[in-house]
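Quick notes on the structure that follows.
Every chain is numbered from 1, with letters handed out A, B, ... down the list of sequences.
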Amino acid sequence: MITTVALTKRYGRVTAVDTVDLDVREGDRYGLLGPNGSGKTTLVRMLLGLVFATSGRIEVLGRPVPRRVHEVLPQVGALVEGPAGYPHLSGRTNLRIFDAAGPGGSRRTRRRRVDEALDRVGLGGIDRRPLKAYSLGMRQRLGLAGALLRTPRLLVLDEPTNGLDPRGMREIRDLLAELNAAGTTVFLSSHLLAEVEQLGNRIGVMDRGRLVVQEELATLRAPTGRVLVRSPDAARAAALLDGRVEARDGDALTVRHDDPAGLNALLVGEGLRVAEISAQRRSLEQIVLAATTTSADRIEAVP
Amino acid sequence: MIRVELVKLLRRPRTWVAVALLCALPVLVAAFVAVRHLAPAPGRGPAFMSAVLNNGSLYPAAAMAMVVPIFLPIAVAVLAGDAVAGEATGGTLRYLLARPVGRTRLLVAKLVALTVFVLLALAAVVGTSYVAGVLLLGTQPPAALGEPGGVTSLSGPPLTSTQLTLRVLGTVAFITVSMLGVAAIALFLSTLTDSALGAAFGALAVLVTSDVLLTLDAASAVQPYLPTRYWLAWVDFFRDPIFWRDIEHGLLLQACYLGLLLGAAWANFMTRDVTS
């Protein structure tokens, strides 16, 4: 769906995107993570032909970008760095204008398509208020409706749940999952870990312009070979397991062991009480923090 | 895309405020002149003012002479400066381009919308000023001069109303081309910066500079090439016979500016990173 080879973008002396080899496959729910200023938005803009690469190659839907971007974009729905529209016009008029601006989609079906898109994002009952009276969440939904207007094969979404409340986030996540199940590939960039963790099946992590991680979420979050145990009898458990306990903090133990069920049976068989037991998995936060260095928006004083 | 741009132009309150203001100035002047019946001496004040006192049908020409030097170019510069920079600031540029709208198509649509604005404004000015002229200043009773009605041209011989209409249309066409020259400057700057205000200001700075140099004898070498040099050449449409030289020079000069600046705007926009 999206392939980039050694994609690089320099602004003067700043390298915003540095030799990125992105690989988004058909049907993916790809989450691109990274601190602020790590190059996510520049990368997204290059995929859409808004920003021209310094070097490297981009292919979207099997066609080279930006050379044949006009063939690609009609099948792509995009939300780039927040929604935008004409503030003095209503949301519906805004969508009609954007729909009419580009190729494809006849004028006869426009009203229906706009209404359907608004329905999907939960704005079906929107009135004639101008866009400037919309809340941030409403604008975000309208931006998504704009991306869905042409039932795209690929959705490229930059921070799609920005400004939404928890319920709104959940709705949008469900909507994206539903679209994905129907065959739409979703590529979303975010700095909200929970967002990506709940929606994505493949993860990319960017740090200072480089793509430092690109992997299936399931692989990244595979068990680490350790089991976390919480027991009122932690001291006895530690004595029993002896060399296999890696850490003990009060009644919590970290045990080197592949099989939580087996370990549980062993402890209970010895008459020890077990309050909690689970295989240790790395959280996405740990993965991202390990892969990235510092936020680009953090500027330390030089002593 | 052209249709979309026109819809955006016509649905924007700003467009109508600009047109209303442009129409208000000549009506205001007509009201003053009608009340005091005191026109500026020939050769002073706006062109045609001494002529219109006798016949209001020539007032549209006087009205255009009032709005062309400053008012209309400001409106055009503001609109054209906003054309690309305004979309960039509002964030809609990225969505239009991702829609996708070709960059060339976008520029062409913007230029067409600006042309329509100029025509709309001039039509409104001509219409309202004709009504204001006839109502407030009256038409000269034909019997008084013993002539078969009509308007006296600046050179003396009278013009029939057909001639007058054709010459007003010629004037509108000439002014439209001149204002497209302004639009081209502002549009080019609009592709350079994301600040609509900056682009409009830049275009106005060019026009003011040009006007100042025109009054400076020391700058006589460059004067024939200044963008505002032939702006009022359309006055020659109201001579009999029409004095074509300046009109032709004006059109040629504006064509050069248009070609150059639109080319530059296109080249810049095509290769520009849209980061707003």
Please state whether the side chain, the backbone, both or neither of B:Arg103 comes within less than 4.5 Å of a heavy atom of chain A.
side chain
If one checks every heavy atom of B:Thr89 against chain A at 4.5 Å, the contacting part turns out to be neither
What part of B:Glu87 is in contact with chain A, defined as an atom under 4.5 angstrom from a non-hydrogen atom: side chain, backbone, both or neither?
side chain
How close do B:Leu93 and B:Phe269 get, heavy atom to heavy atom, and via which atoms?
CD1-CZ, 4.0 Å
Close side-chain approach of B:Trp266 to B:Leu262, heavy-atom, < 4.5 Å:
no
Any idea which of A:Val80, A:Val69, A:Leu48 has the most non-hydrogen atom pairs under 4.5 angstrom with chain B?
A:Val80
Could you tell me which portion of A:Arg150 (side chain, backbone, both or neither) has an atom closer than 4.5 angstrom to a non-hydrogen atom of chain B?
side chain
Could you tell me whether A:Arg113 and A:Glu116 have a side-chain N and a carboxylate O separated by less than 4.0 Å?
no
Taking NZ, NE, NH1 and NH2 as the nitrogens, is one of them in A:Asp158 or B:Arg94 under 4.0 Å from a carboxylate oxygen of the other?
no
Could you pull out the closest heavy-atom pair between B:Val126 and B:Ser129, with the gap in Å?
O-OG, 3.2 Å
Part of A:Thr93 within contact of chain B (heavy atom distance under 4.5 Å)
side chain
Return the minimal non-hydrogen interatomic distance between A:Lys9 and A:Val51, and the atom names on each side.
CE-CG1, 3.7 Å
Mutual orientation of the aromatic rings belonging to B:Tyr95 and A:Phe98 [parallel < 30°, tilted 30-60°, perpendicular > 60°]:
perpendicular
Chain A contacts, top residue of B:Gly91, B:Pro100, B:Gly90, B:Pro13 (heavy-atom pairs, under 4.5 Å):
B:Pro100
Quick check on B:Val4 against chain A: is it the side chain, the backbone, both or neither that has a heavy atom closer than 4.5 Å?
side chain
Around atom CZ of B:Phe71, are there more than 12 heavy atoms from other residues, nucleotides or ligands closer than 6.0 Å?
yes
If you tally heavy-atom pairs under 4.5 Å between each of B:Arg3, B:Glu5, B:Met1 and chain A, the highest tally belongs to B:Arg3
Option in B:Thr275, B:Leu96, B:Leu97, B:Thr271 with maximal non-hydrogen atom pairs under 4.5 Å from chain A:
B:Thr275
Contact part of A:Asp99 toward chain B, heavy-atom cut-off under 4.5 Å: side chain, backbone, both or neither?
both
Please classify the contact of A:Leu79 with chain B as side chain, backbone, both or neither, using a heavy-atom distance under 4.5 Å.
both
